[in-house]
Amino acid sequence: MSQLGALARIIADGVADIQAKCAARDVVYPTPDVLCDPASDAVQNEFSSQAAPVIAAAYQLIATLSHPQPFLLGMGLWGYFPTALAFIDAAYVPDILMEAGGKGMHVNDIAAYTKSSQPDLDPGRILRFLATRHIFEEVAPDVFRNTRLSSGMSVNKSVKEILKSPLGRWDGSNGVAAIVSLNGNENMKTASYLVETLFNPIAGHSEEPSEAAFQQAHRTPLPCYEWLEQPENIASLRKFPNAMRATTHYNSDTAVKQGFEWDKLPEGSLVVDVAGGIGNLTMALAGTHKHLRYVVQDRPAVINAAHDHWKQNMPGAVERGMVRLEAHDMFDLQYITDATVFVMRYTTHNWSDKYALKFLQRLRDASCPDTTLIIIDGISDYLCRDGSDVDDIPGATKTPAPAPLLPYPDSVIGWGYPMDLNMLAMMNCQERTIGEFVTLLKGAGWKIDRICRFEAPLPQQIICSPL
Ligand SMILES: C[S@@+](CC[C@H](N)C(=O)[O-])C[C@H]1O[C@@H](n2cnc3c(N)ncnc32)[C@H](O)[C@@H]1O
């Protein structure tokens, strides 16, 4: 069979399989006109592994059918997608259109909500650009309504409430609008300086978080996390911890009920969420595993914000002592020496080996023989077949997809590979392969016992014990 035929077959068979399974369960797979809600989200989550090869094949079909020149010309302008998405968050469009309902709203009426801040702008151009990829639908000239994809950016608040506190719009939301805004603003500015930074004789080889493209883009000598805390960057600081919630919130039940056996830990075991932000992971864990005690550690400014977050979203947990929120620099001596679990989510990817070694060693110094370290992060795969650099750790190897697909469909669906470049640009750091994790963790006195795999784009759990 031709490659085109094989790709078309994967798509046709995969769709038929999903539809048959949905029919057997008496559910309908959501179409673009079905706005996000818990029931339709659950159906999509349930069939994500069946959808993955279909999506990967569809991308490959596009790459096969497209003439390279128009494909590359178009791809060169894809950077405007994050910008356009950041704009629609800043103009509250998904939530305005939520209130408008199925008939949609004229762009002039959409713009009226934020008129003072965007007097000469024609948001119709931005919405139309996104509608070419099914984010919004133009139902009449200059009249748009939400689609399933654009509704995914709703912060689930009334427009009145948003207008009362624009910076608070991401608080308590699922975080998607916040991360989209982060990518389209702070991260896009940074991305545009990556090429010249990489060719810079010093910065191009640096492991320092203060010598990345970020510093050039934002005209600052400060590393990202210090820059965030400057008074003029208050909006970014407000956005960042909310953005972190987006990565698992849509499927947080799976993230805390599968993988590591939290439910089997003895009553009162202490879980320390190191660099835990405002406690997004801990809140999901604490909601499900009520028999455990938790500590969330982060920078003082983040812990300040965490107190409000917990008061609003899980009142009583801190007051009852189930959760402690503590300012702690992870590069300092770790004073908690009776942790059952140290967990770090999306933190090792923020640091080059030079720095990651330091904080992993701090945790090793504070661990007991039966302490478990759980690294929750993406794991990069080589994109060739037989490219695994470690196969003797349970969970390390993945079953490759059949040719002609790339070996791992999640390389297309997840955000691991663009995130790797984002890490490079923001802080001279990286996503890692399993082999790279093995070396890094061994250097800090940890051994990987097993890897609990999750469907992309959920991050993986690397379960470690002291060497
Ligand atoms: C990518 S975020 C992940 C946050 C959290 N683990 C989550 O998954 O939501 C990395 C976190 O590291 C924190 N951080 C950066 N430097 C730190 C330091 N020296 N000590 C403690 N936390 C730090 C940041 O404030 C931020 O909250």
Side-chain angles (χ1 to χ4, degrees), residues 170-171 173-176 178-179 182-183 186-187 208-210 212 214 222-230 233 236-252 255-256 271-286 294-307 309-310 313 323 325-336 341-352 354-363 366 373-378 415-416 419-420 422-423 426-431 454 457-462:
W170 305 297
D171 296 346
S173 72
N174 63 16
V176 174
I179 204 163
L182 186 72
N183 284 332
E186 292 84 347
N187 295 354
E208 298 302 323
S210 56
F214 180 86
L222 298 175
C224 174
Y225 286 116
E226 286 174 42
W227 176 89
L228 275 174
E229 291 169 11
Q230 302 309 300
N233 301 324
S236 303
L237 182 66
R238 197 76 186 261
K239 190 190 305 180
F240 189 88
N242 284 310
M244 287 303 106
R245 200 161 48 248
T247 49
T248 47
H249 182 280
Y250 80 101
N251 208 350
S252 56
V256 298
V271 176
V272 185
D273 187 357
V274 182
I278 53 176
N280 291 318
L281 170 69
T282 293
M283 194 174 279
L285 285 169
Y294 301 91
V295 176
V296 180
Q297 298 181 331
D298 207 289
R299 296 171 63 93
V302 178
I303 291 299
N304 249 346
H307 279 285
H309 180 62
W310 282 83
N313 297 291
V323 176
L325 305 173
E326 292 187 352
H328 176 72
D329 187 325
M330 65 185 172
F331 292 102
D332 289 347
L333 196 73
Q334 176 58 255
Y335 63 92
I336 298 182
V341 173
F342 285 123
V343 58
M344 300 191 102
R345 189 178 78 146
Y346 286 125
T347 295
T348 41
H349 80 164
N350 273 175
W351 300 92
S352 60
K354 172 181 168 184
Y355 288 92
L357 265 176
K358 288 187 192 166
F359 60 71
L360 290 169
Q361 264 159 359
R362 289 297 195 195
L363 299 184
L373 169 69
I374 306 178
I375 303 286
I376 304 184
D377 225 324
W415 49 71
M419 184 56 82
D420 183 34
N422 188 39
M423 290 296 106
M426 299 295 284
M427 284 174 262
N428 274 328
C429 53
Q430 68 199 92
E431 302 294 325
F454 287 82
L458 283 181
Q460 313 304 317
Q461 295 179 348
I462 304 176

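Just so you know, these numbers come straight off a predicted model, no measurement behind them. We count ligands from 1, going down the list as the structure has it; atoms in each ligand are counted the same way.
Residue contact check for ligand 1: Leu281 places no non-hydrogen atom closer than 4.0 Å to it. Ligand 1 lies less than 4.0 angstrom from a heavy atom belonging to His328. Taking 4.0 Å as the cut-off, Tyr355 does not count as a neighbour of ligand 1 on heavy-atom distance.
For ligand 1 and Phe331, the ligand atoms under 4.0 Å from any heavy atom of the residue are 19 (N). Interface of Trp351 with ligand 1, defined as ligand atoms under 4.0 Å from a residue heavy atom, comprises 16 (N). Counting the atoms of ligand 1 from 1 in the order shown, those under 4.0 Å from a heavy atom of Val302 are 25 (O). With ligand atoms numbered from 1 in the order given, ligand 1 contributes 5 (C), 6 (N) to contacts under 4.0 Å with heavy atoms of Gly276.
Only the side chain of Asn350 comes within 4.0 Å of ligand 1, counting heavy atoms alone; its backbone N, CA, C and O stay farther away.
In terms of protein heavy-atom proximity, atom 4 (C) of ligand 1 is closest to Ala275 O, 3.4 Å. For atom 7 (C) of ligand 1, the closest non-hydrogen atom of the protein is Arg345 NH2, 3.5 Å.
When only interatomic distances are considered, the shortest N/O to N/O separation between Gln297 and ligand 1 does not fall below 3.5 Å.
Comparing Glu229, Met283, Met330 against atom 20 (N) of ligand 1, the shortest heavy-atom distance belongs to Met330.
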